[in-house]
Amino acid sequence: MGRIYACFRPLWKVVSRSYRPGFGRTVSTTSIGNLYSRGPGKTTFTPARNITQRYSRSFGSVVAMEETPGKEESTKEKRQPSNYTEQAGPSKRARMDSPKDKSRHNYKHKVFEPTRKTVGFDQVMFNETSSYIENGLRKVQPYFFTFEAFAKGRWLGRTVMDIFSSEFRAHPPEHYEKAIKMGRLLLNGECVKLDTVLKDNDFMQNTVHRHEPPVVADPVQIVEETDDLVVINKPASMPVHPCGGYRHNSVIFVLGKEHGFQNLHPIHRLDRLTSGILIFAKNLATKHRLDAQIKGREVKKVYLARVEGEFPEKAECDKPIFAVKHKLGVCRVCPEGKSAKTSFERVTFNGRSSVVRCFPETGRMHQIRVHLQYLGHPIINDPLYNSAAWGSKRGKGGIDSTSMNDILGKLVTEETERQSSSPSGDSNSAQTGSSESEHTPSEQSADLDTEEGSKVKCQGVTKVTDDVSTVDPICDECRVSRRDPTPKELVMYLHALSYEGEGWSFETPPPKWASEDWVED
């Protein structure tokens with residue numbers, strides 16, 4: 001019994017002291033009376049949570065606690081003595097960084113750290129290239145740009161060449177072979193081979209030469225600016241956000257480059273071809289307040305449109321709207337669609353077309369355009385809903401679902417022909433991520449040499465060169481000469497005239513095509 005007591009009594013003291021302040025600093029393994037000692041005394045660092053494990057390995061040992069002098073020492077010094085690093089083996093990250101294990105690990109946390117620390121667009125992006133005015137159009141100098149993305153699930157186990165030739169078909173496979181040989185396609189920051197198979201978390205970068213489509217040269221006019229809001233008169237043909245082939249020819253970039261506005265929050269959106277009132281909030285509190293008014297249908301919106309034929313003095317359409325193809329941006333009236341309601345009243349009629357004031361009560365996609373088409377008075381230059389693809393009646397009274405597939409095919413054919421005869425940008429062909437996603441650029445870089453000898457740094461998202469008019473030897477657009485569209489071809493006769501809510505109201509002057517004496521060229 002005495003021996004059992006001698007074994008358990010020190011253990012009880014150690015366990016009971018684990019609830020006292022200062023426990024777990026230093027454990028001294030000694031022998032009481034050298035009865036059960038297995039070796040000389042040795043001081044080691046052992047946290048309090050490991051004391052039970054020490055006893056389970058050497059249950060018969062006698063352990064006593066010794067208080068370490070100097071209680072004012074820092075917590076780090078208490079838990080990590082000076083000899084801790086020397087005794088410990090290499091850390092997990094150090095083992096991952098060793099040449100032996102480098103190929104077996106992904107470096108998302110180490111190599112590919114984002115340079116963009118905040119959401120939005122900054123001055124570095126605005127300085128990617130420059131723009132100029134020519135033939136009534138706003139044009140952007142071509143520039144190098146890198147699309148970036150981590151490998152998607154459907155890409156795993158497939159070769160790089162297979163992915164680009166099957167999913168990014170705007171260019172032939174030969175184009176991507178040249179891009180790989182020139183170092184334009186990178187995998188985890190390094191040059192890639194044609195037969196490289198993608199693994200989970202692989203990071204891809206694709207550098208392309210971007211040619212943005214031109215837009216009309218009308219300026220972005222500031223209608224009103226307060227401490228909380230910026231209200232502009234958006235020109236037609238210019239998208240609100242960077243999308244598809246548009247980046248510097250977007251409202252957000254023009255406001256940032258020419259007016260110094262950054263981190264604006266749009267309260268509503270307008271189609272690219274639509275002009276008129278566009279409201280931005282400077283802070284989230286204002287955005288949430290106005291968003292609530294719009295969702296509660298407390299905002300009165302007035303639009304102007306010039307439509308085919310003699311429009312009735314007043315009309316109303318409450319037919320639901322269904323998005324047939326979100327990717328193509330095509331909608332139609334359909335019972336399965338979302339509820340929508342628009343009121344109309346005629347302003348003028350010149351014998352061929354009418355100017356109509358439109359009052360949308362809801363905010364569905366292409367609502368005004370679809371309802372005008374359904375009433376038999378589409379906008380006279382609407383390239384989508386006044387197309388011959390809808391038939392001789394241009395979609396009046398609605399289209400049944402069985403005919404919709406044929407219409408979509410014709411619309412795609414028309415758009416293809418239109419794109420082949422006008423300038424186009426690198427829309428979706430070279431992207432490995434969406435145009436508005438947050439990119440995570442690589443820390444590594446490579447050099448690209450253009451035909452003119454200017455060196456382009458492949459780091460981050462955009463490559464800025466001293467000579468902005470660079471020519472890329474593998475860029476299709478650099479070898480093609482296209483005619484410029486006329487400003488008239490880029491304008492649709494739909495204008496957001498005014499927006500009015502509780503305590504605020506903004507209005508723009510009507511466009512020229514809405515005047516009573518306007519004559520179509």
Side-chain angles (χ1 to χ4, degrees), residues 234 236-237 268-277 300-325 328-335 337-400 403-404 407-408 410-411 414 488-499 508 510-516 518 520:
K234 179 184 106 58
S237 77
H268 63 104
R269 298 174 186 253
L270 296 177
D271 293 341
R272 179 176 62 86
L273 298 178
T274 304
S275 60
I277 282 288
K300 182 180 179 181
K301 299 169 282 187
V302 182
Y303 285 71
L304 290 176
R306 182 169 284 276
V307 302
E308 298 277 5
E310 184 177 3
F311 198 86
E313 291 188 1
K314 289 188 177 182
E316 184 179 285
C317 185
D318 58 359
K319 300 298 181 181
I321 294 178
F322 176 75
V324 181
K325 285 284 185 181
L328 296 177
V330 180
C331 300
R332 69 181 181 93
V333 167
C334 179
K338 295 182 179 180
S339 60
K341 184 177 181 181
T342 314
S343 301
F344 304 94
E345 62 180 35
R346 188 182 69 202
V347 180
T348 60
F349 174 61
N350 64 2
R352 296 183 57 186
S353 60
S354 304
V355 174
V356 177
R357 190 176 285 115
C358 317
F359 306 93
E361 297 184 16
T362 53
R364 306 305 178 197
M365 179 179 177
H366 297 174
Q367 176 175 319
I368 295 175
R369 300 163 67 183
V370 173
H371 278 174
L372 286 171
Q373 180 198 46
Y374 182 84
L375 295 175
H377 299 276
I379 298 174
I380 61 174
N381 61 347
D382 191 330
L384 181 58
Y385 298 102
N386 197 13
S387 167
W390 297 89
S392 58
K393 294 184 178 181
R394 296 294 195 271
K396 180 180 180 180
I399 297 293
D400 58 81
S403 306
M404 202 61 218
I407 294 174
L408 289 176
K410 294 177 181 178
L411 289 173
E414 287 184 0
K488 178 184 175 182
E489 294 173 338
L490 299 177
V491 175
M492 183 175 66
Y493 298 152
L494 179 62
H495 180 82
L497 183 65
S498 65
Y499 271 60
T508 66
K512 294 180 180 179
W513 52 259
S515 60
E516 188 173 359
W518 177 82
E520 187 174 7

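If you read the sequence from its start, that first residue is 1, and numbering goes on from there. Keep in mind the model is a prediction, meaning the values are calculated, not measured.
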Looking at Leu273, is its backbone amide N or carbonyl O close enough to the side chain of Ser237 to form a donor-acceptor pair, meaning the two atoms are under 3.5 Å apart? no
Checking Arg394 side chain against Asn386 main chain: does a donor-acceptor pair fall under 3.5 Å? yes
Do you know the tightest heavy-atom contact between Pro360 and Cys358? CD-O, 3.5 Å
Under 3.5 Å, is there a donor-acceptor pair between the side chain of Trp513 and the main chain of Leu494? no
Phe311 ring center within less than 6.0 Å of Phe349 ring center: no
Closest non-hydrogen atoms of Leu375 and Lys396, given as atom of the first, atom of the second and distance, are O-CE, 4.1 Å
Qualifying residue for side chain to side chain donor-acceptor pair (under 3.5 Å) with Thr342, from Arg364, Lys301, His371: His371
Does the side chain of Leu304 reach to within under 4.5 Å of the side chain of Val356, using non-hydrogen atoms? no
Using modelled atom types only, decide if a donor and an acceptor are shared between the side chain of Ser387 and the backbone of Leu384 within a distance under 3.5 Å. no
Val324 and Met404, any side-chain heavy atoms less than 4.5 Å apart: yes
Which pairs pass salt bridge (charged side-chain N to carboxylate O under 4.0 Å, His left out) with one or both residues in residues 365-387, sequence neighbours excluded? Asp271-Arg369, Arg369-Asp382
Ignoring hydrogens, what is the shortest heavy-atom contact between Ala323 and Cys331? Give both atom names and the distance. CA-SG, 3.9 Å
Could you go through Tyr385 and His366, starting from their C-alpha distance and side-chain angles, then the distance that decides it, and tell me whether this counts as side chain to side chain donor-acceptor pair (under 3.5 Å)? CA-CA 10 Å; Tyr385 298 102; His366 297 174; 2.8 Å; yes
Heavy-atom donor-acceptor pair, Asn381 side chain to Tyr493 backbone, under 3.5 Å: yes
Which heavy atom of Leu270 sits nearest a heavy atom of Ala496, and at what distance? CD2-CB, 4.0 Å
Distance-only, no hydrogens or angles: does the Lys234 side chain make a donor-acceptor pair with backbone N or O of Thr274 under 3.5 Å? yes
Could you verify whether a donor N or O on one side chain and an acceptor N or O on the other, from Ser353 and Glu308, lie under 3.5 Å apart? no
What residues, two or more places apart in sequence or in another chain, satisfy salt bridge (charged side-chain N to carboxylate O under 4.0 Å, His left out) together with Arg352? none
Provide the closest heavy-atom pair for His377 versus Pro312 in the form atom of the first, atom of the second, distance. NE2-CD, 4.0 Å
Indicate yes or no for a side-chain donor-acceptor contact from Arg332 to the backbone of Ile399 under 3.5 Å, with no hydrogens or angles considered. yes
For Ser354 and Gly309, which heavy atoms make the closest approach, and how far apart are they? OG-O, 2.6 Å
